[in-house]
Amino acid sequence: MAQTQADLARVDDAAFQESLSQNANKVWRWSLVQASEGVARAQAVAAVEALALQAGLGDASVSVDPAPAIGSASAEGGVTPITLTLNAGFEWSSFLAFLQVMREADISLSIDSIEVGGVDAPTFTMTLRAPFLHETAQP
Amino acid sequence: MRRVLVRLAFAWVGAFGLGWLTGGGAAPAREQIAAANATTPIHGGAIAGAAGEKLSALGFGALPVEEIAAPPPPPDIAVFFRHDLTAIQRRPGGALVALIVDLDATSGRRALGRGDVYRDGWRVAAISAQVVELRRQGEVRRINVFEAPAEVLP
């Protein structure tokens, strides 16, 4: 509340407006901007699959959490996370390469959890979150 | 002259007052920018990339060093000697010499007596009708020349 009041107090300040604009631009660039959440989910799966391929992960498969995004997904202009699950063969070199390509990715992917299993053929399961920006539908 | 001094005094006072009025806003502006930066969005991949760098620094993901195969043991000088030996001959003086094949020699043969160098620094230390003893820098190899080689033993 205090932060909001402070923001409102300086809303006319040019430096604050510029900073706010830059941050909004970052959110816009790093998010999946779609009018449809279904399209955004498909786009997120394709993006993670492309990153896995780029990193050289073996036997990679990506699935998206079927549950609707938590929060105000229905609110146009709102940002909500899309949860994805990546399964792939675990090998240190490709795993570290995947972390690097995540850094260079267009969309901001955050890691929720990583689980490594298997002995003879180790695999890992990574839960990721991608921001979905619900674009205002054009009339 | 007095008029000029009065103008200078007014100019100085005016400049000071203007600076006083405008200078006060600088510090709050910096605070506002700092506050705005505190809520700057962070790319999720930056965190993952940093974690990857730390793991790499700890040695994870480094390619395993290929194990260099141990060099084969040096060949047994006895095998060469048995292979090269053609005869043990007693010379008129009673001394024994070993006649070996030596393709570098003009006759293709060479006689080795006590103290002669066979090859690779191995020197003949003793010769008997049954055994030839070779030495090299403290190593001693006694070769029973009429004993069947190990590879042909049953």
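Chain naming here is simple, since letters A, B, ... match the order of the sequence lines and numbering starts at 1 in each. Remember, it's a predicted structure, so these values are computed and weren't measured experimentally.
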Assigning hydrophobic clusters by single linkage (Ile, Leu, Val, Met, Phe, Trp, Tyr; side-chain heavy-atom cutoff under 4.5 Å), is [X] placed with [Y]?
X: I127(B); Y: V140(B); answer: no
X: L57(A); Y: V116(A); answer: yes
X: V124(B); Y: V97(B); answer: no

Given that the side chain runs from C-beta out, which part of [X] has a heavy atom under 4.5 Å from chain B: side chain, backbone, both or neither?
X: I107(A); value: backbone
X: N25(A); value: neither
X: L96(A); value: side chain

Using only atom types and a distance under 3.5 Å, with no angle test, would you say the side chain of H43(B) pairs donor to acceptor with the backbone of A105(A)? yes
Return yes if some donor-acceptor pair links the side-chain N/O of S110(A) with the main-chain N/O of G44(B) below 3.5 Å, else return no. no
Counting heavy-atom pairs under 4.5 Å with chain B, which one of V101(A), L128(A), L109(A) comes out on top? L109(A)
Would you say that more than 12 heavy atoms from the other residues, nucleotides or ligands in this model lie under 6.0 Å from the [atom1] of [X], or not?
X: D106(A); atom1: CG; answer: no
X: Q137(B); atom1: CD; answer: no
X: R29(A); atom1: CZ; answer: yes

Would you call K26(A) and T40(B) a side-chain contact if the rule is heavy atoms closer than 4.5 Å? yes
Return the minimal non-hydrogen interatomic distance between L99(A) and G52(B), and the atom names on each side. CD1-CA, 3.6 Å
